[in-house]
K.L.:
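If you scroll down you'll find the structure; I have some questions about it.
Start at 1 and go down the list; that is how both ligands and their atoms are numbered. Small disclaimer: the values here were computed from a predicted structure and weren't measured.
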Amino acid sequence: MAEKFVATDLATLQDNYDLIVIGSGGAGLTAAIQAHELGLKPVILEKMSKIGGNTTRASSGMNAAETDVQLNHHIVDSFEEFYADTFKGGGQQNNQELLKYFTEHSALAIDWLADHQIVLDELTITGGMSTMRTHRPSSMAPIGGFLVSELLKQVATENIPLYTDVKVNELMLNDAHQISGVKVTTANGDRELTAKAVVLATGGFGANQALLTKYRADLKGYNTTNQPGATGDGIELAQAIGAKLVDMDQVQVHPTVQQDTDHAYLIGEAVRGEGAILVNQSGARFVNELDTRKNVTAAIDELGGTGAWLIFDRGIRDRVKAVEFYDSIGLVKTADTVADLATTTKLDAATLTSTVANWNQAVADQNDAEFGRSTGMDRDIQHGPFYSIHIAPAVHYTMGGVAINHLTQVLTAQDQVINGLFAAGEVVGGLHGNNRIGGNSIAETVIFGRQAGQQVFKYLQQ
Ligand code: ADP
């Protein structure tokens, strides 16, 4: 697990590196590894004590098309369909240059991970996708913790320095308006570190209420699934040296977040992908559970503030290891029959029983006449025990951020490149349009993290 990785001793922090990577989530770790394997000397700076950012919280998997893994599962997919699903899901507002690069380099990213002994050979499906292209480990462990701990093994093997509790406060430019380093705060005081290239991999701003409500006043008071360090620092750092921001008002509210305790726990889309349904307070279905996050959220909000309940059985639970964790911290209600589950959950027993029976028939017929669901219908709900989880929407992902081109170079308002500044991951805006599809954020961190590492190498050759 990520916890076993020991961050580098601050006393060894040097004054100069080839490349400074800001942030230790999927994007930062991947960029640093890629750059290091090209012969560069990178450093990873993480402001929190905990490594891994929001990446560690990702649960469903990593989307990719035309992979060998898919063929092994008899899924014939294409970059075009991956592109089309993502474009449709994003309200056709996705940056098409980024989307094209993203879809066409997804299979290579799965291969690159496999080359690093990070094997994602199981498949599931997320809302808005037309086929099984969400790759995950065969242990069915949540993707985020798995990816971060595996990437950290690589960081350790390659001896890439990674400092925690080091916060970047400013990006420095030379007279030619090229990146020349960063200013940081550490436990031993403030420092300036020099480097000709910086990769911003600082993640999003879902935990920054002030920034969120600046762009989306309507989101005031919403809970968030994000780690406390997701405060949009990278966006402000880049903006201070002239970077363009895009889509800042596009914020994803995730439909299925358990928030009855003092913490918000995202209940991964894989639960629905493997067959769970959603019911309202009376125990009836009300939506195609695997519609896009935006549409499922809207349907739950229309219930009037009660939230909704995920309903599933042992067969589905066995397919999603994360449920063990949800259960261990008391988020799951259990009963031997559907009627008892309704009673425990305070839903109408007769309604829930007929809802589940109707759903099982829809699965048998592979036809959901009521809500037109056509995916996540590989298994029904009849193998007890039965489970419910109460969920409601919460702020989950910020689609907006700094503008880049497909080379991950950060752009100004005039679409000029800021020399030496690269960005990857959630800090970037544009790829997801107005709605991110589940499984695309982990894919984004690996695909564009690799690209950033490669492009920094090329830049430093000049
Ligand atoms: P991504 O999924 O894009 O990789 P994550 O949220 O997983 O993004 O990771 C981003 C990381 O960057 C987080 O661990 C966060 O704490 C870190 N971070 C954010 N701002 C700074 C900063 N100013 N200095 C150093 N690290 C930062």
K.L.:
Polar-atom distance check: T445 versus ligand 1, any N or O pair below 3.5 Å?
P.N.:
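N/O-N/O distance under 3.5 Å: no.
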K.L.:
Can you tell me if T67 and H135 form a side-chain donor-acceptor pair at under 3.5 Å?
P.N.:
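T67 vs H135: donor-acceptor pair found between side chains.
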K.L.:
For G204, is at least one N or O under 3.5 Å away from an N or O on ligand 1?
P.N.:
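Such a contact does not occur with ligand 1.
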K.L.:
On the 0 to 90° scale, with breaks at 30° and 60°, tag the H254-H396 ring pair as parallel, tilted or perpendicular.
P.N.:
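Perpendicular, since the angle between the ring planes exceeds 60°.
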K.L.:
Looking only at protein heavy atoms, identify the closest one to atom 19 (C) of ligand 1 and say how far it is in Å.
P.N.:
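Nearest protein contact, heavy atoms only, for atom 19 (C) of ligand 1 is T202 O, 3.4 Å.
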K.L.:
What part of I22, side chain from CB on, backbone N/CA/C/O, both or neither, has a heavy atom under 4.0 Å from ligand 1?
P.N.:
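The side chain, only.
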K.L.:
Could you check atom 8 (O) of ligand 1 against the protein and tell me its nearest heavy-atom contact, residue, atom and distance included?
P.N.:
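Answer for atom 8 (O) of ligand 1: G203 CA, 3.4 Å.
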K.L.:
Kindly confirm or rule out an N or O of V427 lying under 3.5 angstrom from an N or O of ligand 1.
P.N.:
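V427 vs ligand 1: no N/O contact under 3.5 Å.
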K.L.:
Against heavy atoms of L45, which atoms of ligand 1 measure under 4.0 Å?
P.N.:
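Those qualifying, in numeric order: 25 (C), 26 (N).
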K.L.:
Going by heavy atoms, is A230 under 4.0 Å from ligand 1?
P.N.:
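The answer is no, since A230 has no heavy atom less than 4.0 Å from ligand 1.
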K.L.:
For G449 and ligand 1, answer yes if some heavy atom of the residue is under 4.0 Å from a ligand atom, otherwise no.
P.N.:
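Flag not set, G449 not near ligand 1.
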K.L.:
Would you mind running through ligand 1 and noting each atom that sits below 4.0 Å from a heavy atom of G25?
P.N.:
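Near G25, meaning under 4.0 Å from one of its heavy atoms, ligand 1 has 4 (O), 7 (O), 9 (O).
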K.L.:
Tell me whether the rings of H116 and W112 are parallel (<30°), tilted (30 to 60°) or perpendicular (>60°).
P.N.:
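The arrangement is tilted - the two ring planes meet at 30° to 60°.
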K.L.:
Please list, in number order, the atoms of ligand 1 under 4.0 Å from a heavy atom of Q227.
P.N.:
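Listed by number with element, the hits are 13 (C), 14 (O), 15 (C), 16 (O).
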K.L.:
Rounded to the nearest 0.5 Å, how far does CZ of F422 lie from CG of N405?
P.N.:
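CZ of F422 is found 9.0 Å from CG of N405.
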K.L.:
Would T131 and E81 count as having a side-chain donor-acceptor pair, cut-off 3.5 Å?
P.N.:
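No pair is found: no donor N or O on one side chain lies under 3.5 Å from an acceptor on the other.
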K.L.:
Under a 4.0 Å heavy-atom limit, does A201 contact ligand 1 with its side chain, its backbone, both, or neither?
P.N.:
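Only the backbone of A201 comes within reach of ligand 1.
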K.L.:
Any idea which atoms of ligand 1 are less than 4.0 Å away from a heavy-atom of G52?
P.N.:
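Counting from 1, the qualifying ligand atoms are 7 (O).
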K.L.:
Looking only at non-hydrogen atoms, find the nearest pair between Q154 and E37 and report the distance.
P.N.:
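Closest approach of Q154 to E37: NE2-OE2, 4.1 Å.
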K.L.:
Please work out which of the three classes, parallel, tilted or perpendicular, describes the rings of F448 and F102, given edges at 30° and 60°.
P.N.:
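Geometry flag for F448 against F102: parallel rings.
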K.L.:
Please determine whether a side-chain nitrogen of the Lys or Arg among E274 and R136 lies less than 4.0 Å from a carboxylate oxygen of the Asp or Glu.
P.N.:
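Salt bridge: yes.
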K.L.:
So which heavy atom in the protein is nearest atom 7 (O) of ligand 1, and how far is it from that ligand atom?
P.N.:
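The answer is T55 OG1, 2.5 Å.
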K.L.:
Give me the atom names and distance for the closest heavy-atom approach of A32 to I160.
P.N.:
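In terms of heavy atoms, the two residues are closest at O-CD1, 3.8 Å.
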K.L.:
Looking at atom 24 (N) of ligand 1, what's its closest protein heavy atom, distance included?
P.N.:
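Ranking protein heavy atoms by distance from atom 24 (N) of ligand 1, first comes V168 N, 3.1 Å.
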K.L.:
What residue and heavy atom of the protein are closest to atom 3 (O) of ligand 1, and at what distance?
P.N.:
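Its nearest protein heavy-atom neighbour is E426 N, 2.8 Å.
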K.L.:
Show your reasoning for whether salt bridge (Lys or Arg N to Asp or Glu O under 4.0 Å) applies to R319 and E122.
P.N.:
CA-CA 11 Å; R319 303 275 309 167; E122 256 294 330; 3.7 Å; yes
K.L.:
Could you walk me through whether Q70 and D77 pass the side-chain hydrogen bond (donor to acceptor under 3.5 Å, both in side chains) test, one step at a time?
P.N.:
CA-CA 8 Å; Q70 286 178 304; D77 195 7; 2.9 Å; yes
K.L.:
Could you list the atoms of ligand 1 found under 4.0 angstrom from a heavy atom of G53?
P.N.:
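Under 4.0 Å from G53, ligand 1 has these atoms: 5 (P), 6 (O), 7 (O), 9 (O), 13 (C), 14 (O).
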K.L.:
Quick one: nearest non-hydrogen protein atom to atom 22 (C) of ligand 1, plus distance?
P.N.:
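Checking every protein heavy atom, the shortest distance to atom 22 (C) of ligand 1 gives D233 OD2, 3.6 Å.
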K.L.:
Atoms of ligand 1 less than 4.0 Å from G23 heavy atoms?
P.N.:
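Counting from 1, the qualifying ligand atoms are 11 (C), 12 (O), 17 (C).
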K.L.:
Would you mind checking if K47 and D233 are paired as a salt bridge, meaning a charged N to carboxylate O distance below 4.0 Å?
P.N.:
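Here D233 pairs with K47 in a salt bridge, since their nearest N and O are under 4.0 Å apart.
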K.L.:
Using a strict threshold of under 4.0 Å (side-chain N to carboxylate O), is an ion pair present between K321 and E324?
P.N.:
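Looking at K321 together with E324, the answer is no, because their closest N to O distance does not fall below 4.0 Å.
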K.L.:
Can an N or O of L237 be found at a distance shorter than 3.5 Å from an N or O of ligand 1?
P.N.:
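So ligand 1 has no N or O lying under 3.5 Å from an N or O of L237.
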K.L.:
Taking the six-membered ring of F312 as reference, does the NZ or CZ atom of R317 fall below 6.0 Å from its centre and within a 45° cone about the axis?
P.N.:
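Here R317 fails the 6.0 Å and 45° test against F312.
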K.L.:
For G425, counting its heavy atoms only, list the atoms of ligand 1 lying under 4.0 Å from any of them.
P.N.:
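Result: 3 (O).
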K.L.:
Which residue, Q252, Q250, E444, forms the side-chain hydrogen bond (donor to acceptor under 3.5 Å, both in side chains) with H432?
P.N.:
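Between H432 and the candidates, side-chain hydrogen bond (donor to acceptor under 3.5 Å, both in side chains) is satisfied uniquely by E444.
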K.L.:
Of all the non-hydrogen atoms in the protein, which one sits nearest to atom 27 (C) of ligand 1, and at what distance?
P.N.:
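Nearest neighbour among protein heavy atoms for atom 27 (C) of ligand 1, to 0.1 Å: K47 CG, 3.6 Å.
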K.L.:
Between A27 and ligand 1, is there a nitrogen or oxygen pair with a distance under 3.5 Å?
P.N.:
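Min N/O separation from ligand 1 is below 3.5 Å for A27.
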K.L.:
How far is atom 6 (O) of ligand 1 from the closest protein heavy atom, and which atom is that?
P.N.:
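Nearest neighbour among protein heavy atoms for atom 6 (O) of ligand 1, to 0.1 Å: N54 N, 2.9 Å.
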K.L.:
Heavy-atom contact under 4.0 Å between V166 and ligand 1?
P.N.:
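Judged by the 4.0 Å heavy-atom criterion, V166 does count as contacting ligand 1.
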K.L.:
As an exercise, identify every atom of ligand 1 less than 4.0 angstrom from a heavy atom of S24.
P.N.:
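So the answer, numbered in order with elements, is 11 (C).
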K.L.:
Would you name the heavy atoms of V251 and M248 that are closest together and state the gap between them?
P.N.:
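Heavy atoms of V251 and M248 come nearest at CG2-O, 4.3 Å.
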K.L.:
Can you check which of M48, E444, K167, E46 brings a heavy atom nearest to atom 15 (C) of ligand 1?
P.N.:
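Closest candidate by heavy-atom distance is E46.
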